[in-house]
Undergrad: 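Here it is, the structure, as structure tokens.
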Amino acid sequence: MECVRLRPHEVAELRRLLVEEPDSAYEYAGDLRMGDEDEAVSSRGMDTDQAWAGLQWLLARLNPPVDVFSGGQPMTDDEWGYDSPRLLAVADVAEAARFLAATPFAALAEHYAAAELIAADVYPGIWSQDWPLSYLEEAYGRLVALFRAAAADHEPIAVWMA
């Protein structure tokens with residue numbers, strides 16, 4: 001799962017590319033996620049690696065107001081990997097950021113039960129090992145920081161499953 005904060009001109013450019021040059025839109029969003037020499041990569045975007053499904057499962061136990069992984073409006077019918085990219089509006093980003101900032105990882109960890117994740121067939125199937133909880137915690141910290149920064153700058157976030 002990949003996420004990137006978008007400035008107004010970047011939203012406009014991404015929408016233009018999705019219509020006029022759909023093959024370039026994916027590359028454009030990926031380049032934005034990576035940032036440039038003047039920015040920290042984590043300030044613009046992130047790749048959750050394989051932690052997204054575990055985090056989504058744990059967050060669902062807390063009934064978040066916004067699904068930061070599957071929410072938002074599709075930006076195109078084209079798939080970028082496994083699904084169409086979606087745009088979480090500024091209001092959704094702000095609401096999600098408030099929830100995430102008020103929800104320490106310990107609140108998610110209370111719902112972590114390897115047997116339940118295994119029984120639910122939650123991707124990526126690593127739950128019987130001894131390290132997944134710390135893996136999820138690290139990814140969650142980056143997710144919280146990304147949403148907090150986007151909310152502070154009143155930016156939407158594009159999400160897609162690569």
Side-chain angles (χ1 to χ4, degrees), residues 1-60 62-101 103 105 108 117 120-126 132 135-162:
M1 178 65 65
E2 299 190 37
C3 312
V4 67
R5 298 168 44 187
L6 297 171
R7 296 175 180 124
H9 71 279
E10 294 166 343
V11 173
E13 177 63 7
L14 183 55
R15 289 189 189 281
R16 184 193 70 76
L17 287 170
L18 286 167
V19 171
E20 297 175 13
E21 302 175 50
D23 292 340
S24 298
Y26 177 82
E27 184 177 330
Y28 177 73
D31 288 348
L32 291 174
R33 183 187 68 77
M34 294 303 295
D36 62 33
E37 295 170 4
D38 297 329
E39 297 185 46
V41 172
S42 62
S43 71
R44 292 301 315 274
M46 68 176 287
D47 180 344
T48 64
D49 192 40
Q50 297 179 354
W52 68 270
L55 288 175
Q56 186 176 40
W57 193 87
L58 291 171
L59 282 166
L62 301 175
N63 196 26
V66 176
D67 183 342
V68 298
F69 297 107
S70 300
Q73 294 298 313
M75 297 184 75
T76 179
D77 291 333
D78 293 339
E79 290 184 0
W80 286 9
Y82 297 97
D83 198 4
S84 299
R86 290 169 313 287
L87 187 67
L88 292 165
V90 171
D92 290 335
V93 170
E95 191 170 11
R98 281 189 296 275
F99 176 83
L100 294 170
T103 307
F105 184 76
L108 275 71
L117 280 106
D121 198 27
V122 175
Y123 177 82
I126 58 173
Y135 173 67
L136 293 173
E137 182 174 19
E138 190 273 329
Y140 184 72
R142 290 186 293 118
L143 186 72
V144 172
L146 178 72
F147 272 80
R148 181 179 293 144
D153 290 342
H154 307 286
E155 294 175 336
I157 292 180
V159 297
W160 68 95
M161 182 82 64

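Along the sequence shown, residues are numbered consecutively beginning with 1.
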Undergrad: Are Leu100 and Leu59 side-chain neighbours, meaning at least one heavy-atom pair lies under 4.5 Å?
TA: yes
Undergrad: Got a sec: does the CD of Gln73 have more than 12 other heavy atoms crowding it under 6.0 Å?
TA: no
Undergrad: At their closest point, which heavy atom of Asp78 faces which heavy atom of Pro85, and how far apart are they?
TA: O-CD, 3.6 Å
Undergrad: So which atom in Pro64 and which in Ala60 form the shortest heavy-atom distance, rounded to 0.1 Å?
TA: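 Pro64 and Ala60 have their closest heavy atoms at CD-CA, 4.1 Å.
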Undergrad: Quick one: are Asp31 and Tyr28 in side-chain contact, heavy atoms under 4.5 Å?
TA: no
Undergrad: With rounding to the nearest 0.5 angstrom, report the CD to CG distance, Gln56 to Asp67.
TA: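 CG of Asp67 is found 5.0 Å from CD of Gln56.
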Undergrad: Sub-3.5 Å donor-acceptor pair from the side chain of Arg86 to the main-chain atoms of Phe69, do we have one?
TA: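 Pair found, side chain donor or acceptor close to backbone of Phe69.
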Undergrad: Answer yes or no: is there a donor N or O on one side and an acceptor on the other, between the side chain of Thr48 and the main chain of Met1, under 3.5 Å?
TA: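 Yes; judged by distance alone, with no hydrogens or angles, the pair exists.
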Undergrad: Atom CH2 in Trp160, atom OG1 in Thr76: separation rounded to 0.5 Å?
TA: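 Result: 13.5 Å between the selected atoms.
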Undergrad: Indicate the ring-plane relationship of Trp80 and Tyr26, choosing parallel, tilted or perpendicular according to the 30° and 60° boundaries.
TA: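 Perpendicular.
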Undergrad: Nearest 0.5 angstrom please: Asp92 CG to Phe147 CZ, how far?
TA: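 The distance works out to 9.0 Å.
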Undergrad: Could you give the distance from CG (Leu32) to CG (Leu14), rounded to the nearest 0.5 Å?
TA: 7.5 Å
Undergrad: If the test is side chain to side chain contact (heavy atoms under 4.5 Å, CB included), which one of Val4, Leu87, Leu146 qualifies with Ile157?
TA: Leu146
Undergrad: First locate atom CG of Leu136, then atom CG of Leu55, and finally report the distance between them rounded to the nearest 0.5 Å.
TA: 5.0 Å
Undergrad: Nearest heavy-atom pair of Glu2 and Ala162: which atoms, and what distance?
TA: OE2-CB, 3.1 Å
Undergrad: Which pair of heavy atoms, one from Ala101 and one from Arg148, lies closest together, and at what distance?
TA: CB-NH2, 3.5 Å
Undergrad: First locate atom CZ of Arg44, then atom CE of Met34, and finally report the distance between them rounded to the nearest 0.5 Å.
TA: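 It is 12.5 Å, given to the nearest 0.5 Å.
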Undergrad: Locate the shortest heavy-atom distance separating Val90 from Glu155; write the atom from each residue and the value.
TA: CG2-C, 3.8 Å
Undergrad: Looking at residues at least two apart in the chain, or sitting in another chain, which of them share a side-chain contact (heavy atoms from CB on, under 4.5 Å) with Gln50?
TA: Tyr123, Pro124, Tyr135
Undergrad: Nearest heavy-atom pair of Val93 and Ala150: which atoms, and what distance?
TA: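 That closest heavy-atom pairing would be CG1-CB, 3.7 Å.
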Undergrad: Take Phe99 and Leu62 through the side-chain contact (heavy atoms from CB on, under 4.5 Å) test and state the conclusion after the steps.
TA: CA-CA 10 Å; Phe99 176 83; Leu62 301 175; 3.9 Å; yes
Undergrad: Is there a side-chain contact between Val159 and Leu88, using heavy atoms and a 4.5 Å cut-off?
TA: yes
Undergrad: Do Arg16 and Glu13 meet the salt-bridge criterion of a basic N to acidic O distance under 4.0 Å?
TA: yes
